[in-house]
Structure formats: C-alpha cells, structure tokens
Amino acid sequence: MVDIIGGIIKALQLIISGDPTLYGIVYRSLFFSGIAVILAMLWGTPIAMLIGLRDFRGKSIIKGFFNSLIGIPTVVLGLVLYLVFSKGGPLGFLELLYTPGAIILGEAVLVTPILISIATTAIEAVDPEIMSLAKTLGASESQASIAVLKEALNGVLLSNIASFNRAIAELGVALLVGGNIAGLTDVLTTAISRYTQRGELDLAIALGIILMVIVFLINMIIITARKAKMLFTLGRSPQ
C-alpha cells in the first residue's frame, strides 16, 4: 500500500514538473490518434454518405458488417496488420512495420467502422425532404448531398470524437505494429504496459492518470454534444 501511495505521489510530481519523457509520449499519442481519425474521416465520411443517402440491395448487410467490426478485438486487428506490413506481407515493401506510419494507419482502420456507423445513423436521421427541397431549388446531386451532410454535422462530429476516443485508448494495434519503441512508437497504452513490467510505477501511474483524464474529457464532450443535439432537435420540432 505504501508503494502504491508513493507511486501516485511521484506520478503527480512528474505530471506537474512537465517531465519530457512523459509528455513526449502524450504528444505522440495525441498526434498519432488525431491523424488516424483524419484519415478515417477522409474515406469513411463518403462511405457513410453513400450508405445513408442511397437505397440499394444489400444495404442492411453492409451496415451490419460495419457495426460488427466495431467490436473487433484490437489484438486481432493488430495481428492482421502485422502480417500485412511484415516483409512477407502484401505491403511489406513499404517498410511500415514498427514505424509511426504503421500505428496511424492501423488506428485509422480500427476506427473506420465506428465513424461510418455513427455518421450513417446521423445522415439517415435527417429529414428526406431536405434533399428533395435542395434539388427542387436547383441543387445538383452532390450539392443536395452536402446539404444533408450539413444537417447531420453534429452526428458526424460525434463520430469523429468517438473514433478518437477509441484510437487513443487502444493497445493491440499500437503494440503489434508499432513495437513500443521508446521515443518513436511508444504511446500512452503501450508505455503504461512497458513501465509496469519494468516496475517503474510512477511513470505508469502518471501516464494512466493522463489517459483517464483524456478519455473522461472526450466522454464529457460526447455527452454534451448529444444533449445539445437533443435540445436542438426539440427546438426545431413543431409546437
């Protein structure tokens, strides 16, 4: 018990003092996860718009596919990506394994189903009359789609925030394709694992506290966004 209390005290001292090793790991985590979400947004949002705005055969199957991928174990995805990025894999020639690029791409793949599922739901919740009205006013198909996307903007932003939350808190992908190399590919989750195994509990606890604060703040943002969306919807509903 004394060791735990001492570890917590030292951890708080490291956080307050601005320890460069500690905050270097925090910076890498935020940067890798942020870029991963941007990448997922670039290819995930058009897919969500296609699913949400079009009726086609097999639509429910595709939606179910992305929904099921949300719960994929990160260690399984990490193993698959390891095989893909390894020298004998299809993308081995890129030499991405154990680099920041591998973590970013891996986390982007991980959060894509979350982003698509939430964004699709938000787009489908928009009144279909908005797209019809836009076309009636002379808008092209793409312009009408953008009008719908604007109406679903809160939900789309929510999908990005939820994706970031998933990315920064995952372990399997970052560990297997990043290698947990100190100062290069170690992030919050992998560094916590390494320092715990080495008995450096002060650093592990400090990183754990920071990770929990980040996750807590993100969850508060999500809750606030949902409440704001609900109030906005109620405010626009006919009296």
Side-chain angles (χ1 to χ4, degrees), residues 29-81 84-85 90-91 96 101-128 130-131 134 141-174 176-177 214-215 218-219 221-226 228-230 232-233:
S29 298
L30 294 172
F31 180 75
F32 293 169
S33 298
I35 298 298
V37 171
I38 291 174
L39 288 177
M41 178 182 64
L42 290 177
W43 61 58
T45 303
I47 295 174
M49 290 181 66
L50 179 63
I51 297 173
L53 297 176
R54 300 287 183 272
D55 288 322
F56 52 88
R57 183 176 299 177
K59 177 177 179 177
S60 60
I61 296 176
I62 293 176
K63 288 174 62 177
F65 172 73
F66 282 116
N67 287 335
S68 64
L69 286 180
I70 292 177
I72 186 173
T74 60
V75 68
V76 173
L77 178 60
L79 174 60
V80 172
L81 292 172
V84 171
F85 293 146
L91 297 182
L96 286 172
I103 297 178
I104 292 171
L105 286 175
E107 290 184 348
V109 172
L110 175 68
V111 304
T112 293
I114 300 174
L115 192 146
I116 291 176
S117 296
I118 298 177
T120 298
T121 301
I123 292 170
E124 288 180 332
V126 176
D127 190 343
I130 291 178
M131 191 165 189
E141 187 75 18
S142 59
Q143 290 173 330
S145 298
I146 292 174
V148 173
L149 184 61
K150 288 181 179 179
E151 289 294 317
L153 187 59
N154 286 340
V156 173
L157 291 176
L158 182 63
S159 71
N160 294 331
I161 296 171
S163 296
F164 183 84
N165 194 13
R166 169 73 158 162
I168 201 167
E170 74 85 23
L171 173 63
V173 172
L176 289 175
V177 302
I214 292 173
V215 171
I218 292 173
N219 286 330
I221 292 173
I222 292 174
I223 293 172
T224 302
R226 284 177 175 170
K229 182 180 179 181
M230 185 180 299
F232 180 74
T233 302

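Just so you know, these numbers come straight off a predicted model, no measurement behind them. We number each residue from 1, following the sequence as shown.
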Please set out all donor-acceptor pairs under 3.5 angstrom arising from side-chain atoms of residues 46-58, sequence neighbours excluded.
residue	atom	partner	partner atom	Å
R54	NH2	E141	OE2	3.1

**Residue list, side chain to side chain contact (heavy atoms under 4.5 Å, CB included) with V75, at least two apart or on another chain** = P73, L176

**Asked** Is the shortest heavy-atom distance from the side chain of V177 to the side chain of V173 under 4.5 Å?
**Response** yes

**Asked** Looking at side-chain heavy atoms only, is the closest gap between I35 and F31 below 4.5 Å?
**Response** yes

**Complete:** Sorted by chain and residue number, the side chain to side chain donor-acceptor pair (under 3.5 Å) partners of S117 (sequence neighbours excluded) come out as N67

**Asked** Counting only heavy atoms not in I61, do more than 12 sit closer than 6.0 Å to its CD1 atom?
**Response** no

**Prompt:** Are the side chain of E170 and the backbone N or O of A174 linked by a donor-acceptor pair below 3.5 Å?
**Reply:** yes

**Asked** Can you pull the salt bridge (Lys or Arg N to Asp or Glu O under 4.0 Å) pairs that have at least one residue in residues 116-125, sequence neighbours excluded?
**Response** K59-E124, K63-E124

**Request:** List the atom of A122, the atom of G155, and the distance in Å for their closest heavy-atom pair.
**Result:** CB-CA, 3.6 Å

**Complete:** Residue pairs meeting side chain to side chain donor-acceptor pair (under 3.5 Å), one or both in residues 72-81, sequence neighbours left out, come to none

Mind listing the side-chain donor-acceptor pairs of residues 102-115 below 3.5 Å, one per line with the distance, residues two or more places apart or on another chain?
residue	atom	partner	partner atom	Å
E107	OE1	S33	OG	3.3
T112	OG1	W43	NE1	2.8
T112	OG1	A108	O	2.6

**Request:** Please identify each residue that fulfils side chain to side chain donor-acceptor pair (under 3.5 Å) with N160, with sequence neighbours left out.
**Result:** none

**Message:** Please enumerate all residues that pass side chain to side chain contact (heavy atoms under 4.5 Å, CB included) together with P90, with sequence neighbours excluded.
**Reply:** V84

